[in-house]
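Before any comments, here is the structure.
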Protein chains: 4
Amino acid sequence: MAGETVITVVGNLTADPELRFTPSGAAVASFTVASTPRTFDRQANEWKDGETLFLRCSVWREAAENIAESLTKGTRVIVQGRLVQRSFETREGEKRTVVEMQVDEVGPSLRYATAKVTRASRGGGGGFGGGQGGYGGGQQGGYAAAGAQQGGGYNAPGGGQADDPWATGGSSAFNDEPPF
Amino acid sequence: MAGETVITVVGNLTADPELRFTPSGAAVASFTVASTPRTFDRQANEWKDGETLFLRCSVWREAAENIAESLTKGTRVIVQGRLVQRSFETREGEKRTVVEMQVDEVGPSLRYATAKVTRASRGGGGGFGGGQGGYGGGQQGGYAAAGAQQGGGYNAPGGGQADDPWATGGSSAFNDEPPF
Amino acid sequence: MAGETVITVVGNLTADPELRFTPSGAAVASFTVASTPRTFDRQANEWKDGETLFLRCSVWREAAENIAESLTKGTRVIVQGRLVQRSFETREGEKRTVVEMQVDEVGPSLRYATAKVTRASRGGGGGFGGGQGGYGGGQQGGYAAAGAQQGGGYNAPGGGQADDPWATGGSSAFNDEPPF
Amino acid sequence: MAGETVITVVGNLTADPELRFTPSGAAVASFTVASTPRTFDRQANEWKDGETLFLRCSVWREAAENIAESLTKGTRVIVQGRLVQRSFETREGEKRTVVEMQVDEVGPSLRYATAKVTRASRGGGGGFGGGQGGYGGGQQGGYAAAGAQQGGGYNAPGGGQADDPWATGGSSAFNDEPPF
DNA sequence: TTTT
DNA sequence: TTTT
């Protein structure tokens with residue numbers, strides 16, 4: 001009896017996702033995420049790549065079809081799901097167990113610039129209107145792009161805490177240099 | 001002295017991201033994620049929406065510019081980062097503190113079908129080839145698409161543990177009905 | 001290159017921890033956590049136990065010695081650490097890979113009442129004063145116990161947000177029935 | 001519509017937990033965790049303490065009573081729960097919102113040696129027999145203690161994957177120096 | 001192989 | 001087997 005084993009992994013696809021269908025027609029996609037931690041080596045006093053974790057992932061239904069269309073080998077992704085253990089038998093009749101992930105949420109990471117190019121599009125598109133229908137028809141892509149409110153200083157940020165500090169100019173957040 | 005407070009939140013943008021620049025030219029984007037948990041009400045014996053969490057998020061550098069281009073109001077996103085507390089002063093000179101998130105990774109969730117439409121594109125594009133080059137030029141969008149190996153029954157899935165069970169036909173994963 | 005794969009698992013020890021020492025004298029403890037998720041079966045409209053995840057865990061140094069002393073078979077624990085993959089060779093010379101956890105933080109869960117009994121003590125003890133000195137010597141155990149300020153209505157809760165709501169009487173948190 | 005916002009925080013109690021009871025008799029404990037991240041400063045090329053996060057936490061029912069007995073100011077704890085937002089009104093009638101945590105699991109961290117002392121006990125006690133009553137009656141405390149199998153080299157570790165590598169002598173895990 |  |  002335990003809460004949950006929901007985890008989030010960030011890494012790169014080792015190959016294009018595979019899409020299959022169950023007899024009843026449900027889509028299931030599977031892929032492997034390679035996640036290489038960066039750790040600080042106290043001895044050497046430098047950053048090093050740790051051992052890569054290769055984690056097998058399964059996605060069902062809509063999400064399965066979505067990722068088959070938009071994620072490819074090498075894509076950096078964010079994957080959230082539950083760790084599960086699956087038993088199976090080898091061809092030699094030996095029992096084995098593997099740890100895998102049943103994916104709840106998955107999407108491409110926008111952390112690096114390389115992610116940008118691919119979202120160029122013609123006549124509409126642009127933006128991930130995840131919501132209840134098609135928002136955002138009509139952005140033209142390009143740099144200024146995608147509906148971002150680049151300008152204003154006092155536009156209500158629409159959320160958060162009472163008397164939101166982001167709305168007040170001169171917040172420390174907008175002085176120099178990122179905090180990390 | 002504490003490990004980390006890395007968390008992952010899934011939710012929808014309450015507005016388009018705001019993009020600004022520090023005096024030194026570093027990009028910083030901010031947005032609010034609305035995350036509504038579904039919880040099972042034991043009394044009523046049914047699922048209900050919990051209280052929505054509105055969490056203010058900041059993103060720096062490349063990622064800031066990337067999201068300003070591709071995320072819009074309503075997008076369902078996966079956000080990973082560190083919880084931080086920020087102090088500020090109200091216009092009345094009162095000290096306040098808010099809990100926010102410094103984002104490490106963020107991207108659109110591909111969980112729902114609505115995410116699909118927006119990635120249609122002309123002459124290439126398509127797919128998030130996060131990697132260093134060929135983002136699968138040539139997919140036509142549409143359903144079969146995006147490099148997924150839809151066909152085979154026994155193609156090596158190229159991943160996972162020794163003697164990978166996914167390679168063996170008839171794995172339980174491909175029988176009927178998703179497990180959840 | 002990926003952020004981190006820090007995860008937290010809650011479950012029960014399948015056996016007492018094993019404590020060993022490296023040639024250089026570093027302590028390493030290992031144990032297996034059995035984590036059984038509860039999931040809501042939509043078909044049956046009821047809660048069921050999911051498949052149990054058995055996750056092998058390693059702990060080093062001080063923590064290794066601490067857990068060897070205080071955790072036993074069956075203990076419900078909270079374990080935080082990094083997922084790692086370890087390669088090894090079977091006696092038949094076959095290569096294998098397993099997913100395990102390198103533990104950063106671990107401790108007994110105080111969720112259930114059964115956890116209570118074992119902490120009874122004589123003349124001192126009681127309480128886990130992990131902090132910077134005085135572990136409250138002198139609590140007598142028993143129910144009212146352990147330094148909790150049961151009484152007051154307006155004692156400053158010493159932390160948190162400006163104008164902390166916990167300090168104001170009549171907060172909704174103290175009306176009837178827990179929210180879950 | 002969002003999965004969950006389950007998070008885990010590690011930190012120290014800023015004060016003893018406060019225990020109260022709702023009119024209907026349900027116990028609720030509250031406390032604040034101070035969590036100070038260690039981050040690597042690229043400029044200075046050294047580790048620094050980040051800004052401390054003070055997170056207000058609520059615990060209900062059994063767990064509330066358990067922690068009131070055993071956690072005290074300064075204790076290092078592992079806390080898992082859901083981030084929630086709570087609205088309230090200040091004495092001036094102003095609306096405010098705070099981010100807090102509804103705790104699912106909480107316990108003392110056994111990471112540091114200081115945690116050890118407090119578990120000394122007389123005639124029984126000792127160990128957290130989380131299970132079905134009092135296991136482990138009779139450990140004497142002290143170092144060898146608490147059911148740990150310190151000895152053997154080849155005792156079956158009882159867990160994990162097929163052909164468990166931990167059972168094989170000479171695993172890399174038992175060579176010199178911890179991996180971090 | 002654990003377990004409110 | 002991936003990868004800023």
Side-chain angles (χ1 to χ4, degrees), chain A residues 1-3 9-17 31-38 47 49-57 71-77 79 85 87 97 108-116, chain B residues 61-63 66 104-105 129-133 156-162 164 166, chain C residues 1-3 9-17 31-38 47 49-57 71-77 79 85 87 97 108-116, chain D residues 61-63 66 105 129-133 135 156-162 164 166:
Chain A
M1 235 138 288
V9 175
V10 175
N12 302 278
L13 295 201
T14 61
D16 292 345
F31 57 88
T32 296
V33 173
S35 179
T36 307
R38 302 230 70 198
W47 287 95
D49 279 359
E51 281 289 296
T52 297
L53 170 74
F54 293 95
L55 194 59
R56 191 78 188 158
C57 300
L71 304 180
T72 59
K73 176 176 177 176
T75 308
R76 183 184 181 87
V77 290
V79 191
Q85 211 156 216
S87 296
T97 312
S109 170
L110 300 179
R111 178 160 183 172
Y112 297 119
T114 47
K116 275 193 293 195
Chain B
R61 291 184 278 255
E62 285 179 69
N66 292 337
D104 290 325
E105 306 278 345
Q132 64 275 58
Q161 320 260 348
D164 192 309
W166 289 85
Chain C
M1 234 138 287
V9 175
V10 175
N12 302 279
L13 295 201
T14 61
D16 291 346
F31 57 88
T32 297
V33 173
S35 179
T36 307
R38 303 231 68 196
W47 287 94
D49 279 0
E51 282 290 296
T52 298
L53 171 74
F54 293 94
L55 195 60
R56 190 79 188 158
C57 300
L71 304 180
T72 59
K73 177 177 176 177
T75 309
R76 182 183 183 89
V77 290
V79 191
Q85 211 156 218
S87 296
T97 312
S109 169
L110 300 179
R111 178 160 183 172
Y112 296 119
T114 46
K116 275 192 296 195
Chain D
R61 290 185 277 256
E62 285 179 69
N66 292 338
E105 305 278 346
Q132 60 274 54
Y135 327 59
Q161 319 260 348
D164 192 309
W166 289 86

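All chains are named by letter (A, B, ...) in the order of the sequence lines, taking the proteins before the strands, and each is independently numbered beginning at 1.
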Check every atom of [options] against the side chain of [X] and return the nucleotide holding the closest atom.
{"X": "A:Tyr112", "options": "E:dT2, F:dT2, F:dT4", "value": "F:dT4"}
{"X": "A:Ala34", "options": "F:dT2, F:dT4, E:dT2", "value": "F:dT2"}
{"X": "C:Thr14", "options": "F:dT2, E:dT2, F:dT4", "value": "E:dT2"}
{"X": "C:Asn12", "options": "F:dT2, E:dT2, F:dT4", "value": "E:dT2"}
{"X": "B:Glu62", "options": "F:dT2, E:dT2, F:dT4", "value": "F:dT4"}

Starting at [atom1] of [X] and ending at [atom2] of [N], how long is that distance when rounded to a whole Å?
{"X": "A:Arg38", "N": "F:dT2", "atom1": "CZ", "atom2": "P", "result": "18 Å"}
{"X": "A:Asp49", "N": "F:dT2", "atom1": "CG", "atom2": "C1'", "result": "11 Å"}
{"X": "B:Asn66", "N": "F:dT4", "atom1": "CG", "atom2": "P", "result": "14 Å"}
{"X": "C:Lys73", "N": "E:dT3", "atom1": "NZ", "atom2": "C1'", "result": "11 Å"}
{"X": "C:Leu71", "N": "E:dT2", "atom1": "CG", "atom2": "C1'", "result": "14 Å"}
{"X": "C:Leu55", "N": "E:dT3", "atom1": "CG", "atom2": "P", "result": "17 Å"}
{"X": "D:Glu105", "N": "E:dT3", "atom1": "CD", "atom2": "P", "result": "15 Å"}
{"X": "A:Arg76", "N": "F:dT3", "atom1": "CZ", "atom2": "P", "result": "12 Å"}

Nearest heavy-atom approach of A:Ala34 to A:Phe54 is CB-CE2, 3.6 Å

Locate the shortest heavy-atom distance separating C:Lys73 from C:Asp16; write the atom from each residue and the value.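 Between these two residues, the closest heavy atoms are N-OD1, 2.7 Å.
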
Do D:Asn66 side-chain atoms and C:Tyr112 backbone N/O form a donor-acceptor pair below 3.5 Å?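 Yes; judged by distance alone, with no hydrogens or angles, the pair exists.
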
Between B:Glu105 and A:Ser109, is any side-chain donor less than 3.5 angstrom from a side-chain acceptor?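 Judged by distance alone, the side chains do pair up.
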
